[in-house]
Number of protein chains: 2
Amino acid sequence: MNRYKRKEDCPLTFALTLIGSKWRLPIIWALWKNKTLRYNELKRHVDGITNMVLSQSLKEMENQGIVVRKQFLEIPPRVEYSLTEAGEALIPSLESLAKWGKAMQVKVKNHV
Amino acid sequence: MNRYKRKEDCPLTFALTLIGSKWRLPIIWALWKNKTLRYNELKRHVDGITNMVLSQSLKEMENQGIVVRKQFLEIPPRVEYSLTEAGEALIPSLESLAKWGKAMQVKVKNHV
DNA sequence: TGACTTAGTAAGAAATAACTGCATACTTGT
DNA sequence: ACAAGTATGCAGTTATTTCTTACTAAGTCA
């Protein structure tokens with residue numbers, strides 16, 4: 001008895017499609033901590049991410065309204081990324097989730 | 001400059017490993033709504049899930065301390081699943097995330 | 001001229017997650 | 001006797017994500 005005909009209609013599932021893949025949280029976190037980062041700076045903050053995945057993710061997050069891209073017409077090129085208001089609105093939820101995650105980590109450690 | 005040497009140490013990333021895969025939220029949600037469900041009942045509530053994925057997920061979630069399995073020695077077999085306290089502690093975070101997700105859904109609809 | 005910088009792109013391979021279909025062993029209802 | 005319901009599990013395949021290894025443009029600096 002789901003409230004939603006399609007799973008995609010559930011706001012929670014929808015939220016997870018926005019932040020649930022492997023690199024979304026690290027990207028959001030780096031932007032939150034630094035407010036504004038250039039492409040390669042961001043890449044250095046998100047350790048291990050490839051160009052492919054980073055540029056793809058940024059493009060998607062821009063379309064989804066989580067991230068703003070600001071391009072300067074300079075050479076060498078300069079592009080700055082930051083969170084939108086909607087992106088920042090996500091932070092409290094993430095902090096709440098992180099708190100739960102932390103408690104779970106402790107529990108697992110003590111149990112095993 | 002991550003605070004954690006390994007990504008797995010981040011409580012947030014850890015939380016997502018617990019709830020981020022395709023069927024975790026639907027399962028948790030069904031158990032939250034109904035408090036206690038037998039295996040096949042649960043399966044009917046989580047529309048489209050396969051036995052493979054459901055039984056696998058339940059086993060993992062039991063190990064992770066999110067779900068309790070209570071087995072009755074009857075014939076035909078009876079097994080009841082419910083959320084642990086830790087599992088229920090997750091609900092407020094999910095509600096907060098869902099609220100954000102809902103706002104994002106509206107935003108996307110209005111924009112496109 | 002040739003190396004260096006920045007912000008990406010492209011194509012294919014590899015890794016991971018999920019699905020399909022079937023099997024179990026026992027009991028109740030028709 | 002036979003179908004249906006109980007709680008799973010396994011093998012094999014497909015689908016989805018992520019990674020690898022290149023490569024680009026335009027200008028600067030030596």
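Quick note on labels: first sequence line is chain A, next is B, and so on, each numbered from 1.
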Undergrad: Using a cut-off of less than 4.0 Å, is there contact between a side-chain N or O of B:R38 and OP1 or OP2 of D:dA7?
TA: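 For D:dA7, OP1 or OP2 has a side-chain N or O of B:R38 closer than 4.0 Å.
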Undergrad: Can you give me the closest heavy-atom contact between B:P11 and A:A98, atom names plus distance?
TA: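 Distance-wise, the nearest heavy atoms are CB-O, 3.3 Å.
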Undergrad: A:S55: what forms a side chain to side chain contact (heavy atoms under 4.5 Å, CB included) with it, not counting sequence neighbours?
TA: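 A:S55: side chain to side chain contact (heavy atoms under 4.5 Å, CB included) contacts with A:Y39.
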Undergrad: Using side-chain contact (heavy atoms from CB on, under 4.5 Å), reason through B:V46 and B:L54 one step at a time and then give a plain yes or no.
TA: CA-CA 9 Å; B:V46 181; B:L54 180 53; 5.7 Å; no
Undergrad: Tell me whether A:E85 at atom CD has more than 12 heavy atoms from other residues, nucleotides or ligands lying less than 6.0 Å away.
TA: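 No.
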Undergrad: Can you tell me how far P of D:dT20 sits from CD1 of A:I49, to the nearest Å?
TA: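 The answer, rounded to whole Å, is 12 Å.
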Undergrad: If I take atom CG from residue B:L83 and atom CG from residue B:L31, how far apart are they, to the nearest 0.5 angstrom?
TA: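 It comes to 5.0 Å.
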Undergrad: I'd like to know if B:I91 and B:M61 are part of one continuous hydrophobic network [Ile/Leu/Val/Met/Phe/Trp/Tyr, side-chain heavy atoms within less than 4.5 Å].
TA: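 As far as the 4.5 Å side-chain criterion goes, B:I91 and B:M61 are connected within one cluster.
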Undergrad: Could you go step by step and tell me if B:F14 and A:K102 meet the side-chain contact (heavy atoms from CB on, under 4.5 Å) rule?
TA: CA-CA 8 Å; B:F14 180 73; A:K102 196 164 196 169; over 6 Å; no
Undergrad: Quick one: how far along DNA chain C does chain A reach, first to last nucleotide 5' to 3', anything under 4.0 Å to a heavy atom?
TA: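 So the contact region on DNA chain C extends C:dT6 to C:dA11.
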Undergrad: Round to the nearest Å and state the distance from B:Q71 atom CD to D:dA7 atom P.
TA: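 From B:Q71 CD to D:dA7 P: 10 Å.
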Undergrad: Which atoms of nucleotides 8-18 of chain D (N or O only) lie under 3.5 Å from a protein N or O atom, and what are those distances?
TA:
from	atom 1	to	atom 2	distance (Å)
D:dT8	OP1	B:R69	NH1	2.2
D:dT8	OP2	B:Y81	OH	2.5
D:dT8	O4	B:N51	ND2	2.9
D:dG9	OP1	B:K59	NZ	3.3
D:dG9	OP2	B:K59	NZ	3.4
D:dT18	OP1	A:K22	N	2.9

Undergrad: Measure from NZ or CZ of B:K35 to the centre of the six-membered ring of B:W32, then state whether that distance is under 6.0 Å and the direction lies within 45° of the axis.
TA: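 Yes, B:K35 and B:W32 form such a contact.
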